[in-house]
Chemist: 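Sharing a structure below in structure tokens format, with a few things to ask.
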Amino acid sequence: MRELTTDGLLDAVRAWVEIESPTNDAAGVNRVADHAESLLRGIGATIDRTPGRDGFGDILIGRVPGEVNGPGLLLLGHMDTVHQRGTFGYRVAGDRAYGPGIYDMKGGNAMAVAALQHLHATGKRPRLPVSVMMIPDEEVGSPSSRAAIEAEALKHRAVLVVEPSGEGGKFTVARHGIARWHLRTEGRPAHAGAYHAEGRSAVREMAHHILALEALTDHPRSFFVNIGIVQGGTHENMVPAECRAICYALVPTVTEQTELRDAVHALEHHDPDVTTTVTEGLGRPPFGKTPAIQALYDHAAMLAVETGLPSAGERVAGGGSDGNFTGALGVPTLDGLGVIGGGPHTREEYVELRCLVPRTRLLARLFETLGPGVAGL
Ligand SMILES: [Zn+2]
């Protein structure tokens with residue numbers, strides 16, 4: 001890609017989007033991986049592809065050499081989308097392009113690879129080696145790839161995530177975390193009419209737990225605790241012997257994450273004959289802005305101005321991404337470097353066509369300039 005043009009980039013984006021890849025469709029995700037692999041091979045990247053497990057697609061890493069050897073940049077993207085096949089198709093209307101995953105986040109993946117292709121085609125190299133890592137299961141919390149992401153992050157100087165930007169192009173410098181806990185109470189069944197006194201209600205005990213946990217919610221702190229699923233009892237004429245619930249919480253910092261964990265473990269016994277078991281579910285640790293992230297942000301913001309983008313701005317994002325894992329490990333992570341658009345996880349997902357050239361140029365400039373002595377690296 002010698003010249004970066006809107007039409008050329010739109011074709012590149014379209015190619016990613018037209019390969020449908022809901023998370024639970026490993027074959028579809030692997031076709032995206034095939035596509036990414038062939039693009040990366042085309043610019044001389046070394047390919048490292050790990051077969052998928054637990055029903056998910058493969059993890060793909062394309063390693064692009066830099067001018068300087070040693071630890072480089074980890075570029076993170078995910079290949080899966082939340083849209084089942086055939087839900088809606090790619091289309092362009094006015095100054096927007098729509099399609100499944102176009103905003104979250106195939107547009108970002110396409111731009112990142114196009115930026116590397118652009119450097120390659122113009123006889124340039126990234127300053128540092130770049131590992132382009134494509135994840136198959138981000139939309140369900142990256143259960144099959146978290147360990148690999150963390151291991152790669154620790155081998156790199158910094159992580160760039162091409163998840164969509166915030167409103168107007170803002171970069172993401174911190175993300176709230178997500179915590180999930182599975183609760184189960186077990187009591188004793190009894191005929192609710194004839195032998196009520198002998199029963200021990202698991203639902204009643206769970207009701208106490210729900211109130212205790214939801215009471216932690218603190219809106220001004222952006223700390224939300226939601227018991228979104230409760231299942232208990234088998235018959236209205238029986239004292240319920242079992243109840244299950246899932247507690248899902250947005251935890252802005254480790255303080256809230258710890259607060260919730262402590263509360264879950266300290267749940268009070270109201271009925272001594274009912275047992276409660278708690279298990280931690282899939283989550284994403286929060287990551288906060290560090291001086292190293294500030295330095296990365298400052299550098300990217302300067303390049304953004306240079307490429308003609310309106311001053312980028314920064315944001316703390318509510319939702320999670322794979323950047324949560326790397327940021328929480330202390331590896332400098334700049335997220336939200338992908339497209340400008342909107343409507344994530346809806347049929348109206350779109351990208352703004354006018355962002356494609358400047359945002360791709362921004363990525364190319366980041367690859368070209370980030371190196372020892374720059375942005376704290
Ligand atoms: Zn995403």
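Computed from a predicted model, the values in this text were never measured in an experiment. All residue numbers in this chain count up from 1 along the given sequence.
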Chemist: Counting only heavy atoms not in Tyr195 (residues, nucleotides, ligands), do more than 12 fall under 6.0 Å from its OH?
Modeler: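 Result for OH/Tyr195: open.
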Chemist: Any idea which heavy atoms bring Ser21 and Lys106 closest together, and the distance?
Modeler: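 It is OG-NZ, 2.7 Å.
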Chemist: Could you tell me if Lys155 and Ser131 have a donor-acceptor pair between their side chains, going purely by distance under 3.5 Å?
Modeler: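 Side chains of Ser131 and Lys155: no pair found under 3.5 Å.
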Chemist: Is the terminal nitrogen or CZ of Arg175 (NZ for Lys, CZ for Arg) located under 6.0 angstrom from the six-membered ring centre of Phe287 and within 45° of that ring's axis?
Modeler: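 Arg175 over Phe287 ring: no.
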Chemist: List the atom of Glu268, the atom of Glu205, and the distance in Å for their closest heavy-atom pair.
Modeler: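 That closest heavy-atom pairing would be O-OE2, 3.8 Å.
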Chemist: Do you know the tightest heavy-atom contact between Pro252 and Pro286?
Modeler: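 Smallest heavy-atom distance, with atoms named: O-CB, 3.4 Å.
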Chemist: When you compare the side chains of Thr276 and His209, does any donor N or O come within less than 3.5 Å of an acceptor on the partner?
Modeler: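 Yes - a donor-acceptor pair under 3.5 Å links their side chains.
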Chemist: Would Asp322 and Ser142 count as having a side-chain donor-acceptor pair, cut-off 3.5 Å?
Modeler: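 On atom types as modelled, these side chains qualify, holding a pair under 3.5 Å.
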Chemist: So Glu259 and Arg221, salt bridge (Lys or Arg N to Asp or Glu O under 4.0 Å) or not? Walk me through it.
Modeler: CA-CA 13 Å; Glu259 226 170 279; Arg221 264 202 289 166; 3.1 Å; yes
Chemist: Leu160 and Phe367: which non-hydrogen atoms are nearest, and at how many Å?
Modeler: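 Heavy atoms only, the tightest pair is CD1-CE2, 4.1 Å.
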Chemist: Hey, do the aromatic rings of Trp181 and His265 have their centres closer than 6.0 Å?
Modeler: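 Aromatic pair counts; centres sit under 6.0 Å.
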Chemist: For Thr333 and Thr326, which I'm curious about, is there any donor-acceptor pair between the side chains at under 3.5 Å?
Modeler: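 There is such a pair between these side chains.
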Chemist: Between Arg361 and Glu306, is the closest basic N to carboxylate O distance under 4.0 Å?
Modeler: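 A salt bridge is absent here (no side-chain N lies under 4.0 Å from a carboxylate O).
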Chemist: Given the ring of Tyr248, does Arg180 sit roughly above its face, with NZ or CZ under 6.0 Å from the centre of the six-membered ring and within 45° of the axis?
Modeler: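 Negative - Arg180 is either too far from the ring of Tyr248 or too far off its axis.
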Chemist: Minimum heavy-atom separation for Val159 and Val161, please, with both atom names.
Modeler: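 For Val159 versus Val161, the nearest heavy atoms are CG1-CG2, 4.0 Å.
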Chemist: Under a plain distance cut-off of 3.5 Å, with no hydrogens placed, do Arg184 and Thr277 share a side-chain donor-acceptor pair?
Modeler: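 Not at all, the side chains of Thr277 and Arg184 share no donor-acceptor pair under 3.5 Å.
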Chemist: Is there a donor-acceptor contact under 3.5 Å linking the side chains of Asp335 and Thr172?
Modeler: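 Not at all, the side chains of Asp335 and Thr172 share no donor-acceptor pair under 3.5 Å.
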Chemist: Can you confirm whether the side chains of Asp137 and His78 place a donor and an acceptor under 3.5 Å from each other?
Modeler: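 Short answer, no.
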Chemist: Spell out, yes or no, whether Leu250 and Val173 are grouped together once hydrophobic residues are joined by side-chain heavy atoms under 4.5 Å, including indirect joins.
Modeler: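 No, Leu250 does not connect to Val173 through the hydrophobic network.
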Chemist: Please say whether more than 12 non-hydrogen atoms of neighbouring residues, nucleotides or ligands are located less than 6.0 Å from CZ in Arg204.
Modeler: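 12 or below, so no.
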Chemist: For the residue pair Val251 and Ile178, what are the closest heavy atoms and their distance?
Modeler: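 Smallest interatomic distance, heavy atoms only, reads CG2-N, 3.9 Å.
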Chemist: Distance only, no hydrogens: is a donor on one side chain within 3.5 Å (strictly under) of an acceptor on the other, for Gln84 and Thr87?
Modeler: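 Thr87 and Gln84 do not have a side-chain donor-acceptor pair below 3.5 Å.
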Chemist: Mind checking the CD1-CD1 spacing from Ile246 to Ile227? Nearest 0.5 Å is all I need.
Modeler: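 Rounded to the nearest 0.5 Å, the CD1-CD1 separation comes out at 10.0 Å.
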Chemist: Will you find, in the side chains of Thr369 and His299, an N or O donor that is under 3.5 Å from an N or O acceptor?
Modeler: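 A donor-acceptor contact under 3.5 Å links the two side chains.
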Chemist: Would you find a donor on one side and an acceptor on the other, under 3.5 Å apart, between the side chain of Asn324 and the backbone of Ser321?
Modeler: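 Yes; at least one donor-acceptor contact below 3.5 Å.
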Chemist: So with a 6.0 Å cut-off around NE2 of His196, is the heavy-atom count from everything else above 12?
Modeler: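 For His196, atom NE2 is not crowded (no more than 12 foreign heavy atoms under 6.0 Å).
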Chemist: Run the salt-bridge test on Arg261 and Glu256 with the 4.0 Å N-O cut-off and return the result as yes or no.
Modeler: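 Between Glu256 and Arg261 there is no salt bridge, as every charged N stays at least 4.0 Å from the carboxylate O atoms.
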Chemist: Using a strict threshold of under 4.0 Å (side-chain N to carboxylate O), is an ion pair present between Lys124 and Glu368?
Modeler: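 Salt bridge present between Glu368 and Lys124.
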Chemist: Going hydrophobic residue to hydrophobic residue with side-chain gaps under 4.5 angstrom, can you get from Ile149 over to Leu154?
Modeler: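 As far as the 4.5 Å side-chain criterion goes, Leu154 and Ile149 are connected within one cluster.
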Chemist: Just by distance, no angles: are the side chains of His345 and Glu139 close enough, under 3.5 Å, to form a donor-acceptor pair?
Modeler: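 Checked: His345/Glu139 side chains pair up, N/O donor to acceptor below 3.5 Å.
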Chemist: Same cluster for Leu75 and Ile135 if Ile/Leu/Val/Met/Phe/Trp/Tyr side chains link at under 4.5 Å?
Modeler: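 No, it is not one cluster - the side chains of Leu75 and Ile135 are not joined through contacts under 4.5 Å.
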